[in-house]
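Everything below concerns the one structure shown next.
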Amino acid sequence: ISGPMATVVASGGDGKEQGVETSVTYYRLEEVAKRNSPKDIWLVIHGRVYDVSRFLDEHPGGEEVLMEQAGGDATESFEDVGHSSDAREMLKQYYIGDVHPLLVVLDLPHRGCYSLRFSVSLLHGGEQVLLRRPC
Ligand code: HEM
């Protein structure tokens, strides 16, 4: 992988909706991690990448909690708060792309143990892959 991101164009649905194409930009966690300054903040929530730079001032929970998660995976803290459905709806405004499942694997640490299950829907119709580095 040479660049920080990859863009994949997938045609949607069963092929009946002709001309409907969804373009998704995939980011590496490495690239997201760089966006951690007060003027440039990205977060990952449920595998999706959000640019919340212009949301800092508006967040009802304050900017500090967003700063703490800057450049990282905020899924757990986002869920712990029990955000309302309105809050979930707001996410769409800041969505910029997905974390690519394969790029997640490339970003995994070479040391330490982990066990990760993910689906490679792009390659094989939703097949589940279990990746494990034992302790
Ligand atoms: C783009 C991502 C986020 C959006 C759109 C968002 C949106 C909101 C909204 C609309 C509220 C008002 C209450 C509600 O409707 O649930 C809220 C409250 C809150 N948020 Fe977020 N939030 C985001 C990320 C986060 C993250 C990552 C944290 C990390 C801890 C967080 C912590 C909080 C807290 C603590 C409150 C409670 C404030 C209170 O009740 O006094 N939020 N958020």
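Below, all heavy atoms of this structure are taken into account, side chains as well, without hydrogens, waters or symmetry copies. Keep in mind the model is a prediction, meaning the values are calculated, not measured. In each ligand, atom 1 is the first atom listed, and ligand 1 is the first ligand listed.
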Quiz item: Taking only heavy atoms of M90, which atoms of ligand 1 are found under 4.0 Å from at least one of them?
Solution: 5 (C), 10 (C)
Quiz item: Of the non-hydrogen atoms in F78 and I45, which two are nearest, and what is the gap between them?
Solution: CD1-CD1, 3.8 Å
Quiz item: What are the atoms of ligand 1, with element, lying closer than 4.0 Å to any heavy atom of V52?
Solution: 1 (C)
Quiz prompt | Least distance between heavy atoms, S53 atom then D40 atom | solution = OG-CA, 3.5 Å
Quiz item: Would a hydrophobic clustering, with Ile, Leu, Val, Met, Phe, Trp and Tyr connected at side-chain separations under 4.5 Å, put V81 with L56?
Solution: no
Quiz item: Sorted by chain and residue number, which protein N/O/S atoms are under 2.8 Å from atom 21 (Fe) of ligand 1?
Solution: H59 NE2, H83 NE2
Practice problem: Over all heavy atoms of both residues, which pair between M67 and N36 is shortest? Give the atoms and the distance, please. | Solution: CE-O, 4.2 Å
Quiz item: In terms of atom number and element, which parts of ligand 1 are under 4.0 angstrom from non-hydrogen atoms of S77?
Solution: 29 (C), 30 (C)
Self-check item: Residue pair D86 / S84, side-chain donor-acceptor N/O under 3.5 Å
Solution: no
Self-check item: Mode of D86 contact toward ligand 1 - side chain, backbone, both, neither (heavy atoms, under 4.0 Å)
Solution: neither
Quiz prompt | Which residues share a ring pair (Phe, Tyr, Trp, His ring centres under 6.0 Å) with H46, sequence neighbours left out | solution = none
Quiz item: Any salt bridge between K34 and E30, counting N to O under 4.0 Å?
Solution: no
Practice problem: Taking the side chain as every heavy atom from C-beta outward, state whether V49 and R35 have any pair of such atoms under 4.5 Å apart. | Solution: no
Quiz prompt | Where ligand 1 meets A74 - atom numbers and elements under 4.0 angstrom, heavy-atom basis | solution = 27 (C)
Practice problem: Please verify whether a non-hydrogen atom of Y94 lies at under 4.0 Å from ligand 1. | Solution: no
Quiz item: Can you find a protein heavy atom under 4.0 Å from atom 40 (O) of ligand 1?
Solution: no
Self-check item: Smallest separation among heavy atoms of H83 and R88, with atom names
Solution: O-NE, 3.4 Å
Exercise. Ignoring hydrogens, tell whether any protein atom lies closer than 4.0 Å to atom 43 (N) of ligand 1; use the non-hydrogen atoms only.
Key: yes
Quiz item: Of the protein's non-hydrogen atoms, which lies at the shortest distance from atom 4 (C) of ligand 1, and what is that distance?
Solution: F55 CE2, 3.4 Å
Exercise. Look at atom 2 (C) of ligand 1 and say which protein heavy atom is nearest, naming residue and atom and giving the distance to 0.1 Å.
Key: L91 CD2, 3.5 Å
Quiz item: Starting from atom 13 (C) of ligand 1, which protein heavy atom do you reach first, and at what distance in Å?
Solution: S84 OG, 4.7 Å
Self-check item: Atom of P60, atom of F55 and distance for their closest heavy-atom approach
Solution: CD-CZ, 4.4 Å
Practice problem: Would you indicate whether the side-chain heavy atoms of D51 and Y94 approach each other to under 4.5 Å? | Solution: no
